[in-house]
Number of protein chains: 2
Amino acid sequence: MTQNETLVYQLLCDADRPLSAYNILDALRDKGIRAPLQVYRALAKLVERGAVHRIESVNGFVACQLHDCGGSEVSIFMLCNQCERANEFTDTSIDSRLQSLGNDRGFQAAHKVIEITGLCADCQTAQTTVQKH
Amino acid sequence: MTQNETLVYQLLCDADRPLSAYNILDALRDKGIRAPLQVYRALAKLVERGAVHRIESVNGFVACQLHDCGGSEVSIFMLCNQCERANEFTDTSIDSRLQSLGNDRGFQAAHKVIEITGLCADCQTAQTTVQKH
DNA sequence: TCAGTGATGTTATAATATAACATGACTGTT
DNA sequence: AACAGTCATGTTATATTATAACATCACTGA
């Protein structure tokens, strides 16, 4: 792993939510990262390698939370709109169903995105506690 | 439907691929649309109403291809990287599996995104025809 | 007549992503 | 040692996507 990739990867591992490229840029300015391209290049490599996932719904990036993505080709992300935390899962049943949907239509899949946005359990209880008066 | 919404919706219905907001803006300049916000506002309403879907993977928008999204909460899109066409499907098995994944974790889902990018059947055969020599 | 609401229009700007070009560090060869 | 090749790096400029802030207009119901 190159210098810049290491910096970006470490930052993402320490973060508890997806970071945007510019979040990363700002956080790493004093480590020598000065331009967006330095971040985007590192991210591209990390994503290609599967160490980092891009979250399309929020234009952000997270470190992979599963060992080798659990051997699954598809990660499922649950994204809390409030605390912004991202949780990664895999599911063999969805995997195979998606697989056959593609096969049925002769579609050669390169990348799959499954993202669910909403409120995580913690943030729901936090909300009901502070309910309207 | 308001004037601007109608313009945007018609354009999307006629398009054979997802259009970006700025694609739409350019296409509708001579119909009186002059600023990005006019497009984004129309899109927001159309998406809210379910008439149009946002495709996160390509920052684009497509008219819904299913009658009332087939009654499903989740649409599955297959996006060809070459011809750029988007095909919309639903699948009850994935629906319910995703549902229970959320339930298991007490996650209150607001929106779900499933997008598969790759090569559609047509573009695969087109590629093998022009294969390397 | 007037307040309220929602669509509209306009300018400016924020946030996200890439193009184009120059340099530097390292490798393996001749 | 000199050189070509490759890949990471750095830098400036620019493209693309999205929203903020403010002003106006048209319609509705009291």
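Since this is a predicted model, take the numbers as computed values, not measurements. To find a chain, count down the sequence lines: A is the first, B the second, and so on, and within it residues start at 1. Note: hydrogens, waters and symmetry copies are ignored here, and every other heavy atom, side chains too, is used.
- Although no hydrogens or angles enter the test, the distance criterion places a donor-acceptor pair under 3.5 Å between the side chain of B:Gln124 and the main chain of B:Leu119.
- We find that CD1 of A:Ile24 is positioned 11 Å from P of C:dT16, with the value rounded to whole Å.
- Among all heavy-atom pairs drawn from B:Gly50 and B:Cys64, the shortest one is O-CB, 3.6 Å.
- Nucleotide D:dC7 holds its P atom 20 Å from the CD atom of A:Gln3, rounded to whole Å.
- Pairing each heavy atom of A:Arg29 with each of A:Arg34, the nearest pair is NH1-O, 3.5 Å.
- Grouping the Ile, Leu, Val, Met, Phe, Trp and Tyr side chains by contacts below 4.5 angstrom, directly or via other members, places B:Val62 apart from B:Ile24.
- Taking all atoms of both residues into account, the shortest heavy-atom contact from B:Ala63 to B:Glu88 is O-OE1, 4.4 Å.
- Taking side-chain N and O atoms only, B:Thr2 has no distance below 4.0 Å to OP1 or OP2 of C:dA7.
- Spacing between atom CG of B:Asn23 and atom C1' of D:dT17 amounts to 11 Å, rounded to whole angstrom units.
- Residues in residues 7-30 of chain A take part in no ring-ring contact (aromatic ring centres under 6.0 Å, His included) pair, two or more places apart or across chains.
- As rounded to whole Å, 7 Å separates atom C1' of D:dC7 from atom NZ of A:Lys45.
- Along DNA chain C, the nucleotide closest to A:Val58 and the one closest to B:Arg34 are compared, and the more 5′ of them pairs with B:Arg34.
- No single ILVMFWY cluster, assembled from side-chain heavy atoms under 4.5 Å apart, contains both B:Val58 and B:Val52.
- In this structure, the CG atom of B:Leu25 is 16 Å from the P atom of D:dA15, given to the nearest Å.
- Atom-to-atom, CD of B:Gln38 to P of D:dT19 comes out at 16 Å; the value is rounded to the nearest Å.
- Mapped onto DNA chain C by nearest heavy atom, B:Glu5 and B:Pro36 fall at different nucleotides, with B:Glu5 at the one closer to the 5' end.
- For A:Met1 and D:dT9, the CE to P distance is 12 Å, given to the nearest whole Å.
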Protein proximity profile, nucleotides 21-28 of chain D - base contact B, sugar-phosphate-only contact S, no contact -, cut-off 4.0 Å on heavy atoms: B-------

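- Stacking of A:Tyr40 onto the six-membered ring of C:dT18 is not present when judged by under 5.5 angstrom between centres and under 30° between planes.
- Residue order along DNA chain D, read from the 5' end via each residue's closest nucleotide, puts A:Ala35 first among A:Ala35 and A:Tyr22.
- To the nearest angstrom, P of C:dG9 lies 12 Å from CG of B:Leu28.
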